[in-house]
Amino acid sequence: MVTDHERRKDPHHFEPLLDRTHRALVATRRPSERTQVVSDLMGALSEIRATSPPHVWTTLARHAVDHPVGRAVHEDPLTRRCFERPCGRLGDPAVVEALCRCSGLEPTTEIGVAVHRAVLERPLALALRQRCEWLGVEIDDAVDRAAAEGRRARILAIGSRHLHEARVSSALRSGAVDDFVAVECDDERASAVRRLSLPHVRTLELPPRSLLCGRTWSWREQLGSFDLVYVPDAYVELEAACARRLTRRLFNLLRPGGRLAFFDFLRSVPDAAYMESFMGWPCEGRDLATLADLSVRIRDDEVDRRRVFRGPYDTLGYGVVDRRRA
C-alpha cells in the first residue's frame, strides 16, 4: 500500500513502476509475456511524461536509466546503441538498419530479445518502415512522371541512410532512373549505399548543413536539377531558420513539376518517453503548423501544391511541396 507521504514524494508511483517492471522481466519466462511487460512499461512512461512538467520528466528519465530496469533494457543492443552513440550521433546506419529492416543488432539474452521485439513493434519502428514504403512509391511516381514527358528521372536524397526505400521502388532496383544522387555526411553511410550496387545510384559525401552555405545557384551548377528531392532525417537536427533556408535551397533544385519531401518527428511521438529515457533520444519535434512554416520562403506563385500531414502511427510529420510546371 502506498502511503500519503510516498504519494506526495512520487505522485506517479515511478519507483514502484520501475521495480515492478524489473521483477517481471527477471521472473517471467514466456517470451511473449516478457515482451508485453516492456510494452506496458513504454505505455506507462508515456503517460507519466505527458502529465509531468518538463524538468520533472527530465529527472525521472535520468533516474530510469540508472535503475536496474535500465540495465535490463539495455540488454537490447538497439536501445543501448542509441543511448551510447558509439558513432557520436543518433540514428547511425546500424540503428536505422535495425529499425527499418528488423535486422542487425541482434540481442543475445532472453531479456534483450524481449526488449528488442517490443521496440520493433512500437510506433517508432513502424513509422520509419512506413516512411520507407512511402518514399519507394514516390520514387516510382517520379520516374513515371518523367517517362510521360519522354525522359528519365533524376532524384536527390539528402541523408538516405541505407536507402531502404529501394526495397519498395522497382525503378531503383531496375535502373529506370537516369541518375540518383545520395548525399551522405560521411564515408560510413556512403559505403552502406554503395554496397547495394544499385544501377545509376551514386553517392556524394557532404554534410547537409553545407547546403546552407555558398551561393544557391552554385549547388544547381554542381548537382543539376531533379524531379524528386527528399530529406528523411536532416530536419530533425535543424533549427527553424536553418530548416526554412534549406527548404528554399532544395526547392531551387527541382525541375518544373518536381517534388520536395521532408520529414520531422511530431511532438506527439507515442514512444517519446522511452526514446528520451532509455535511448537518450531527444524528441522535441514539430507540430504540423511548424512543419508547414518551413516552406514559407517559397513563394505561392512558384508552387503548384504544398501540404503537410501526419504519417501513420502519429510519429512523423510529412511535408510535400510541388513546383509549378510553368
Side-chain angles (χ1 to χ4, degrees), residues 89 91-93 95-97 99-101 127-146 152-212 219-220 222-238 243 246-255 257-264 294-295 311 316-323:
R89 60 182 182 271
D92 63 63
V95 168
V96 176
E97 179 78 2
L99 288 171
C100 291
R101 297 199 65 180
L128 292 178
R129 294 200 288 273
Q130 173 61 34
R131 182 176 63 184
C132 292
E133 298 280 336
W134 189 87
L135 285 171
V137 172
E138 284 295 313
I139 291 169
D140 285 353
D141 285 349
V143 170
D144 290 343
R145 290 195 303 270
R152 287 158 62 89
R154 299 190 73 240
I155 298 172
L156 173 66
I158 308 293
S160 63
R161 305 296 174 93
H162 278 194
L163 203 58
H164 295 289
E165 45 271 27
R167 303 194 319 273
V168 179
S169 169
S170 59
L172 267 181
R173 296 193 307 274
S174 67
V177 296
D178 178 51
D179 187 25
F180 187 105
V181 182
V183 175
E184 302 297 338
C185 64
D186 55 41
D187 182 65
E188 180 186 7
R189 299 189 188 197
S191 295
V193 174
R194 289 193 292 267
R195 283 195 295 270
L196 298 174
S197 300
L198 294 168
H200 308 299
V201 173
R202 59 189 174 97
T203 60
L204 177 65
E205 289 182 40
L206 184 72
R209 283 182 177 273
S210 67
L211 286 169
L212 300 172
W219 290 113
R220 185 72 174 265
Q222 291 183 48
L223 299 175
S225 56
F226 299 88
D227 298 278
L228 173 65
V229 176
Y230 66 90
V231 192
D233 296 313
Y235 281 71
V236 176
E237 303 172 358
L238 295 178
L246 179 62
T247 303
R248 171 73 258 187
R249 290 196 165 210
L250 294 179
F251 185 83
N252 288 341
L253 299 178
L254 292 177
R255 288 171 168 168
R259 174 167 294 171
L260 169 64
F262 52 92
F263 310 83
D264 199 354
L294 300 185
S295 67
L316 290 172
Y318 290 55
V320 182
V321 186
D322 294 336
R323 190 181 191 105

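All values below were derived from every heavy atom in this structure, side-chain atoms included, with hydrogens, water molecules and symmetry-related copies excluded.
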Peer 1: Taking the side chain from R173 and the backbone from R167, do they hold a donor-acceptor pair closer than 3.5 Å?
Peer 2: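 Answer holds: yes.
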
Peer 1: Hey, is the main chain of H164 close enough, under 3.5 Å, to the side chain of R101 for a donor-acceptor pair?
Peer 2: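 Not confirmed, R101 side chain does not pair with H164 backbone.
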
Peer 1: For the atom pair CZ (F180) and CG (L198), what is the distance rounded to the nearest 0.5 Å?
Peer 2: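 Rounded to the nearest 0.5 Å, the CZ-CG separation comes to 8.5 Å.
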
Peer 1: Going from CD on E184 to CG on L163, what distance comes out if it is rounded to the nearest 0.5 angstrom?
Peer 2: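 So the gap between those two atoms works out to 8.5 Å.
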
Peer 1: Are the side chains of Y230 and I155 in contact, using a 4.5 Å heavy-atom criterion?
Peer 2: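 Sidechains of Y230 and I155: in contact.
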
Peer 1: To the closest 0.5 Å, what do you measure between CZ (R145) and CG (L228)?
Peer 2: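 If I round to the nearest 0.5 Å, the distance is 7.0 Å.
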
Peer 1: Give the C-alpha distance, both sets of side-chain angles, the deciding distance and a yes or no for side-chain contact (heavy atoms from CB on, under 4.5 Å) between V181 and F226.
Peer 2: CA-CA 10 Å; V181 182; F226 299 88; 4.0 Å; yes

Peer 1: With a 4.5 Å limit on heavy-atom distance, are the side chains of L135 and V168 in contact?
Peer 2: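 Not touching, per the 4.5 Å side-chain cut-off.
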
Peer 1: What is the distance from atom CH2 of W134 to atom CZ of F263, rounded to the nearest 0.5 Å?
Peer 2: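 CZ of F263 is found 4.5 Å from CH2 of W134.
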
Peer 1: Tell me if a side-chain donor or acceptor on R154 pairs with a main-chain N or O of D178 at a distance below 3.5 Å.
Peer 2: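 No, because the side chain of R154 does not come within donor-acceptor range (under 3.5 Å) of the backbone of D178.
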
Peer 1: Roughly how far, to the nearest 0.5 Å, is the CZ atom of F262 from the CD1 atom of I158?
Peer 2: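 Here the rounded value is 13.5 Å.
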
Peer 1: Knowing that exactly one of N252, L253, T247, L254 qualifies, which makes a side chain to side chain contact (heavy atoms under 4.5 Å, CB included) with L250?
Peer 2: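 Exactly one pass, corresponding to L253.
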
Peer 1: Strictly below 4.0 Å, N to O, side chains only: are D187 and R194 in salt-bridge contact?
Peer 2: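 Result for this pair is yes, salt bridge flagged.
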
Peer 1: Give a yes or no on whether the backbone of S170 and the side-chain of D140 come within a donor-acceptor separation of less than 3.5 Å.
Peer 2: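 Checked: pair present.
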
Peer 1: Give a yes or no on whether a salt bridge exists between D322 and R259, defined as a side-chain N under 4.0 angstrom from a carboxylate O.
Peer 2: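 Looking at D322 and R259, the cut-off is met.
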
Peer 1: Give, for atom CD of Q130 and atom OH of Y318, the distance between the pair rounded to the nearest 0.5 Å.
Peer 2: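 Those atoms lie 5.5 Å apart.
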
Peer 1: Could you tell me whether the side chain of R323 and the main chain of G257 form a donor-acceptor pair under 3.5 Å?
Peer 2: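 Such a contact is absent between R323 side chain and G257 backbone.
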
Peer 1: One pair to check against side-chain contact (heavy atoms from CB on, under 4.5 Å): V201 and L196. What are the steps and the verdict?
Peer 2: CA-CA 9 Å; V201 173; L196 298 174; over 6 Å; no

